[in-house]
Amino acid sequence: MAKHLLIVESPAKAKTINKYLGKDFQVLASYGHVRDLKPKEGAVDPEHGFAMNYEVIERNEKHVEAITRAAKAAEDIYLATDLDREGEAISWHISEILKERGVLDGKPLHRVVFSEITPKAIREAVAHPRGLSRELIDAQQARRALDYLVGFNLSPVLWRKVQRGLSAGRVQSPALRMIVEREEEIEAFRAREYWTIEAKLKHPQGDFGARLVELYGKKFEQFDLPDEERAQAARKVLEKAAHGRLTVSAVGSKERRRRPAPPFTTSTLQQEAARKLGFTTSRTMRIAQSLYEGVALGSEGNVGLITYMRTDSTALSAEAVEELRALIARDFGRQALPEHAQVYKTRAKNAQEAHEAIRPTSAMRTPREVAPFLNDEQRKLYELIWKRTVACQMIHATLNTVTVDFALPDAEGGPAAFRASGTTVVDPGFLAVYEEGRDTKSEEDEDEGRRLPRLAVGDVVPLEAVVASQHFTEPPPRYSEASLVKALEEYGIGRPSTYASIIQVLQNREYVYLDNRRFRPTDVGRAVSKFLSQHFTRYVDYDFTARMEDELDAVSRGEQAWVPLMERFWQPFKRQVEEKTETVDRSEATGARELGIDPKSGKPVSVRLGRYGPYAQIGDKDSDEKLQFASLRPGQSMHTLTLEEALELFKLPRTLGRAEDGEEVTVGVGRFGPFVKHGTTYASLKADDDPYTIELPRALELLKEKREAAANRVIRDFGNGVQVLNGRYGPYITDGEKNARIPKELEPRDLTAEQCAQLLAAAPAKKGRFAARKTTAAASSAKPAAAAGKTVAKKAAAKQSTGKKTAGKKTATKKSAARKTTAKKGPDR
């Protein structure tokens, strides 16, 4: 029996560490957090010092039991969870559980931390344990309490005022605001025309171009030629003055140095992996976690390949720098080494939680050596980290930029001039290993790699043509994952460990989506952001959020207590929630817009956000008993929809013709998309089908496919609600309330009613919110594939044809019911 118990978060880490400590240690994993707040209102009690009511997470109960049994038998316990606040909190929760279960009884409890999983680091950490850090625990407690109180109080307000099922997070909401504000900038942007002029020059050593830098005796600016007429007039003046050639009037040469980028922090790793590898932030962190926890390297066994991947420090240990310099001298020559090691200052305000930047645990493990043991994702990320780390300790790159001016002193209207630039690499230095990616290219970047022929003052170069080119100014780009992470870091919103989860929550809630790898807000996301920005301005303010992070950092440093911080936040927040719940009108909160007047009926046309998404409406609910509604088409936004586009939507549902039985076939758009209908049969349109142009033959084809699929689904029907069906995972028996598996030895087509009844009786009852619903296969076979059911499609068709007042209808929900639903979901962090 092992004398010592060491607890980490993950089984992969446990496996790697286990081989370093010997038989006297048993290493177990907690599988992440072991406790969390109880998922109901009151889990944080502001009236009693913000007391927090925790319970063991159900899925980890078995792991907690294993830890408890091992702790009883061990002489002492080592808590070796991650070195940040989350890791400290996990260690504290484990210790609290063991105390509650009477396991400790005076047994020594040690806290050990390490930033890399190597034999030396592990043994040194175990040899020099410390106690639990009350400051880090308090900082994490405060963050968890804040997230809980914001989520459980602000989300129900969104349900009432915007849409059911929404959530607001303390850090997620400012990030959403960034994306929405950028979208509004793009919509408000008006492109401005401008023209540039370039001289195309021919030379025996290579053709090149020179851009116009002086015109009519003054420096040429971007908007000096705002239209084609003036651009072409200037081009003719320049051509006339040149006489088919340009003369070199000045040659300049400037040598400059470019220094390597610092080693990776969490945010810069996420940014660079997005730019260079196309990885999402969550994917980057998942792969980095596997490299940190350990990878099997043949006979070496499991080895941790990188240091801890949640850090905002750019520091490197003296030992790591020494090894890097030895590797650089060996593989790139001593001339690639600077005289002294490169030192990088950490910009983050509170970077003491993680000891080092993200680096290889041993630079001597080159990407080529470890590649056979890594999957493709791990190989790419390890190579990125290795190259960046090696490059950061190499000599600067030396670049030489040459500029050549061509003057036209006698041009009509005043002197003119062209300039050509080119940059060559004199000494690549660190560029031999790695070059940092950029979101946008500068003029210098464009010049790099462009070589100019050797020219001297007085040289004459033949002019091939003077070309005028039209351009338009462009709006600011939408955020990519890389640029969003960079912006969050610059504003001080969130911390390195939260960037991936912030982005994931926004996507999971369908507040934003990726379009060509750039974030765009959905109509729901815009409504949420607008509501919070107008009515909870302080809590989505970038400065306020950043200050709150600073205060949490101060708690982690022991500079202030967490309960007073919570009190300062809670009282004004609570008052504002209560006030806005009573005073804000729902139509205002959802961003409803009046588009104009319907020329047929003379009634107002508006666009609104309803329970199932954005929709157009004809009529006024205050004066019309019969309103008309139409769902927006994919790609349309309620914020940019025009009157003409809205009126087009009311052409549905439309009749396509009659089937052979004489019954009408119609097409419409329901909650879950466009569909065709014949009698009680509904069929969803495919991706290439357009409800506004689809014709009868195609509709009949879709309906036929649907009927055939429904017929093939039913294996046997006993006529009393009991059926044998083909399901997603194979044949099964159902009576609408319970489903039963079919034993392998039985043939589904040969089952009798008695056998089905016996198997259903032995089957467990359905769980979850659909347990009480009774749906037969006959009913479900009539449902469109893209719709949740026939009823929804019927309602959608009725809503559009009769104008029955269903869209946007307010749902009266008691406060307690709203809170209960929130408790099930939990707040977003």
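Along the sequence shown, the residues carry numbers beginning at 1.
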Glu61, CD: over 12 other non-hydrogen atoms inside 6.0 angstrom | yes
Hey, is NZ on Lys120 packed in by over 12 heavy atoms from elsewhere, all under 6.0 Å?
-> no
Count the heavy atoms of every other residue, nucleotide or ligand shown that sit under 6.0 Å from CD of Glu745, and state whether that count exceeds 12.
-> yes
Give a yes or no on whether Arg365 atom CZ has more than 12 heavy-atom contacts from other residues, nucleotides or ligands under 6.0 Å away.
-> yes
State whether Glu96 and Lys99 are salt-bridged, where the test is any N-O pair (Lys NZ or Arg NE/NH1/NH2 against Asp/Glu carboxylate O) under 4.0 Å.
-> yes
Is the Phe25 ring parallel, tilted or perpendicular to the His4 ring (thresholds 30°, 60°)?
-> tilted
For Ser267 against Glu489, the heavy-atom pair lying closest together = OG-OE1, 2.7 Å
Got a sec, which residues hit ring-ring contact (aromatic ring centres under 6.0 Å, His included) with Phe519, two or more places apart in sequence or on another chain?
-> none
Between Ser10 and Glu293, is any side-chain donor less than 3.5 angstrom from a side-chain acceptor?
-> yes
Side chain to side chain contact (heavy atoms under 4.5 Å, CB included) between Arg275 and Ser480: does it pass, once the steps are laid out?
-> CA-CA 9 Å; Arg275 292 188 196 107; Ser480 63; over 6 Å; no
With sequence neighbours excluded, residues passing ring-ring contact (aromatic ring centres under 6.0 Å, His included) with Tyr513 = none
Answer yes or no: does atom CZ of Arg334 have more than 12 heavy-atom neighbours from other residues, nucleotides or ligands under 6.0 Å?
-> no
With sequence neighbours excluded, what pairs up with Glu322 under the side chain to side chain contact (heavy atoms under 4.5 Å, CB included) test?
-> none
Could you verify whether a donor N or O on one side chain and an acceptor N or O on the other, from Glu481 and Thr281, lie under 3.5 Å apart?
-> yes
Above 12 or not: heavy atoms from other molecules or residues under 6.0 Å from CZ of Arg257?
-> no
What do you reckon, is CZ of Arg368 surrounded by more than 12 foreign heavy atoms closer than 6.0 Å?
-> no
May I ask you to check if Arg35 and Trp92 form a cation-pi contact, with NZ or CZ under 6.0 angstrom from the six-membered ring centre and within 45° of the axis?
-> yes
Ser167 and Arg509: side-chain hydrogen bond (donor to acceptor under 3.5 Å, both in side chains), yes or no, with the steps?
-> CA-CA 8 Å; Ser167 72; Arg509 287 292 181 187; 3.1 Å; yes
Is any NZ, NE, NH1 or NH2 atom of the basic residue among Glu435 and Arg258 found under 4.0 Å from an Asp or Glu carboxylate oxygen of the other?
-> yes
Tyr31: ring-ring contact (aromatic ring centres under 6.0 Å, His included) partners, not counting sequence neighbours | His63
Taking only residues two or more places apart in sequence or in another chain, which ones pass ring-ring contact (aromatic ring centres under 6.0 Å, His included) with Tyr491?
-> Tyr542
Please identify each residue that fulfils salt bridge (charged side-chain N to carboxylate O under 4.0 Å, His left out) with Glu549, with sequence neighbours left out.
-> Arg143, Arg170
Is Asp105 salt-bridged to Lys72, going by a charged N under 4.0 Å from an acidic O?
-> no
Rounded to the nearest 0.5 Å, the OG1 atom of Thr498 sits from the CD atom of Gln504 at a distance of 13.5 Å
Does some side-chain heavy atom of Gln393 sit less than 4.5 Å from a side-chain heavy atom of Leu327?
-> no
In plain terms, say whether Arg359 and Glu319 are close enough for a salt bridge, that is, a side-chain N and a carboxylate O under 4.0 Å apart.
-> no
Are the charged groups of Asp376 and Arg379 less than 4.0 angstrom apart, N to O?
-> yes
Any side-chain donor near an acceptor of the partner, Glu356 and Thr307, under 3.5 Å | no
Would you check if Arg495 and Arg310 make a side-chain contact, meaning some heavy-atom pair closer than 4.5 Å?
-> no
Are there more than 12 heavy atoms of other residues, nucleotides or ligands under 6.0 Å from atom CZ of Arg741?
-> no
